[in-house]
Structure formats: C-alpha cells, structure tokens
K.L.:
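First the structure, then my questions, so here it is.
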Amino acid sequence: MKSLYKITFLICITILVSSCHNNSKPNYQYMPNMYEPVSYETYEESSAFKNGKEGQLPPTGTINRGFEPYEYENSTAGYDLAKLNLKSPLDSISEKDVEKSKELYDIYCAICHGTEGNGKGKLVTQGKYLGVPSYKDRVITEGSVFHVQTYGLNSMGSYANQLNSHERWLVASYVINLKAKL
C-alpha cells in the first residue's frame, strides 16, 4: 500500500511539473540583457536624431581608419599627371625591401607580366589573357606604375585592397628595375 502511494505521488509530481513547461515561452531568463537589446537597432526609427533613423552617415570630410588619401583621380588625365609628377617616397630601399618587392611582384604581377616583365606570364602563355604589355615597350615611371596598381588600367584591376601604399611603392620600384634590365 505504501508503494502505491509513492508511485501515485511520483506520477502526480511528474504531471504537475510537465504541465507547467511551455517550449515557446521560457519560464525564466538568465541575464535578460543578452537577449533583449538595450540599445537601438541599426535602422530602427528613433527620435534621438533629426531624420528619425538610428543608422547615420558619417560626417563630411571624414576618412576611414587606415585609409591614405590619393590626390590623383581615376582618369586618363590623372594617369598622365601621376606619370609626370608622382615620385616615390622611398628614399633608399634596403636588401630586405628588395626581397619583399620581388616576393610581392611574384605573387601579384608575374602571373600575367612574367618574372622578367616581358609580358609572358603563365596566364598569357596559356592563352587566358592576350595583349599584356612588356615593360620594355612602355614608357612608364614609378608614379604611373603606382597609379595603375591603385586604380587598375584596361583588363588589369586595382590592387589597392591587396597591397598598402608602401607595398605598391616597393612593387613600382621593382618594375622600374625590371624595365632597366630589359
């Protein structure tokens, strides 16, 4: 008889506990600030700002962190100005920088322009790209090479996202050295 009472009591407790449980609405939240945001959502309407939106444009004249302004525009006139006026800020290049510039050239440029700069890179010899110029045939300066790396020219895209300005100057100096060897 005692065991029947115990079994009945356990069944009643189990039914009572399971009937109070609701999967769609938890009973208690630990650290509710982690679930319910206190701040504004990004594009939520807000009376805190003039235009009524939380997401605001940056003030005029601001630049991104790490961004270096480049004064020449992306046009033929900008290219010509860069070719004539733009000079490398690198006074002298150490042996370590020469190795770095060769490494960067081999990664980004040699696939099309070739390791000697003759326009016979792997993609050209396989027929993927045609008309890649040799540095020997072109009138180029460090400024024009830097400009082309920054904005791209014809089929060549910009490398400004892959190389910072110091690395682009290293590659430009390496390209001028390759041109001198040709």
Side-chain angles (χ1 to χ4, degrees), residues 39-44 49-182:
S39 62
Y40 292 109
E41 293 295 327
T42 305
Y43 295 108
E44 183 178 11
F49 299 101
K50 290 179 185 176
N51 63 356
K53 289 184 184 175
E54 166 61 28
Q56 299 292 307
L57 294 174
T60 56
T62 59
I63 59 173
N64 294 336
R65 185 176 296 205
F67 177 77
E68 296 177 18
Y70 182 63
E71 63 264 8
Y72 297 99
E73 63 182 21
N74 186 11
S75 66
T76 308
Y79 173 77
D80 292 336
L81 283 173
K83 184 188 264 187
L84 292 174
N85 301 330
L86 193 58
K87 303 293 181 208
S88 174
L90 307 176
D91 294 331
S92 62
I93 298 177
S94 66
E95 190 65 35
K96 182 179 173 186
D97 285 340
V98 170
E99 292 173 14
K100 179 75 172 173
S101 63
K102 180 183 180 342
E103 179 183 329
L104 291 171
Y105 180 85
D106 289 343
I107 292 170
Y108 294 105
C109 308
I111 192 78
C112 294
H113 292 279
T115 54
E116 291 91 26
N118 57 3
K120 304 271 189 243
K122 190 171 188 174
L123 291 179
V124 175
T125 57
Q126 291 177 351
K128 305 286 184 189
Y129 285 110
L130 299 174
V132 176
S134 171
Y135 297 137
K136 179 181 177 184
D137 302 335
R138 289 273 166 120
V139 178
I140 56 173
T141 63
E142 280 184 321
S144 66
V145 173
F146 183 82
H147 185 82
V148 169
Q149 290 177 43
T150 302
Y151 288 125
L153 183 68
N154 298 333
S155 297
M156 181 179 154
S158 169
Y159 283 94
N161 288 334
Q162 290 87 0
L163 300 169
N164 62 32
S165 67
H166 178 73
E167 291 171 336
R168 290 194 306 265
W169 281 117
L170 288 176
V171 172
S173 68
Y174 188 76
V175 167
I176 296 302
N177 288 341
L178 282 180
K179 180 179 171 52
K181 290 178 185 176
L182 288 174

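For clarity, every value in this text was computed on a predicted model and none was experimentally measured. All heavy atoms count here, side chains included; hydrogens, waters and symmetry mates do not.
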K.L.:
List the atom of N118, the atom of G114, and the distance in Å for their closest heavy-atom pair.
P.N.:
OD1-CA, 4.2 Å

K.L.:
Looking at L163 and R168, what are the two nearest heavy atoms and their distance?
P.N.:
O-NH1, 2.8 Å

K.L.:
So do L90 and H166 actually touch side chain to side chain, heavy atoms under 4.5 Å?
P.N.:
yes

K.L.:
For the backbone of N164 and the side chain of E167, can you confirm whether one donor and one acceptor N or O come within less than 3.5 Å of each other?
P.N.:
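Checked: pair present.
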
K.L.:
Rounded to the nearest 0.5 Å, what's the gap from NZ on K136 to CG on L178? Could you check?
P.N.:
14.0 Å

K.L.:
Which residue in the set S165, S88, S101 passes side chain to side chain contact (heavy atoms under 4.5 Å, CB included) when paired with L170?
P.N.:
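Of all the options given, the one that passes is S101.
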
K.L.:
Please tell me if the side chains of T76 and D80 come closer than 4.5 Å, counting only heavy atoms from C-beta onward.
P.N.:
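Yes. Closest side-chain heavy atoms under 4.5 Å.
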
K.L.:
If you measure from OH on Y159 to CD1 on I107, what distance do you get to the nearest 0.5 Å?
P.N.:
11.0 Å

K.L.:
Go through it in stages, so that I can follow the logic: the residues are F146 and Y70, the test is ring-ring contact (aromatic ring centres under 6.0 Å, His included), and I'd like the CA-CA distance, side-chain angles, deciding distance and then a yes or no.
P.N.:
CA-CA 11 Å; F146 183 82; Y70 182 63; 5.5 Å; yes

K.L.:
Kindly check if the number of other-residue, nucleotide or ligand heavy atoms within 6.0 Å of CG (L57) is above 12?
P.N.:
no

K.L.:
Taking the side chain as C-beta and beyond, is there a heavy-atom pair between S173 and I176 under 4.5 Å?
P.N.:
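Side chain of S173 against side chain of I176, heavy atoms only: no contact under 4.5 Å found.
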
K.L.:
Hey, what's the ring geometry for H113 with Y135, parallel, tilted or perpendicular (30° and 60° as the breaks)?
P.N.:
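Rings of H113 and Y135: parallel, under 30°.
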
K.L.:
Is it the case that the side chain of K179 and the backbone of R138 share a donor-acceptor pair, with hydrogens and angles ignored and the cut-off at 3.5 Å?
P.N.:
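At least one qualifying donor-acceptor pair exists.
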
K.L.:
Specify the closest pair of heavy atoms between H147 and S75, including all atoms of both residues, with the distance to one decimal.
P.N.:
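Distance-wise, the nearest heavy atoms are NE2-O, 4.1 Å.
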
K.L.:
Test your reading of the model: is there a side-chain donor-acceptor pair from S134 to the backbone of G119, 3.5 Å cut-off?
P.N.:
no

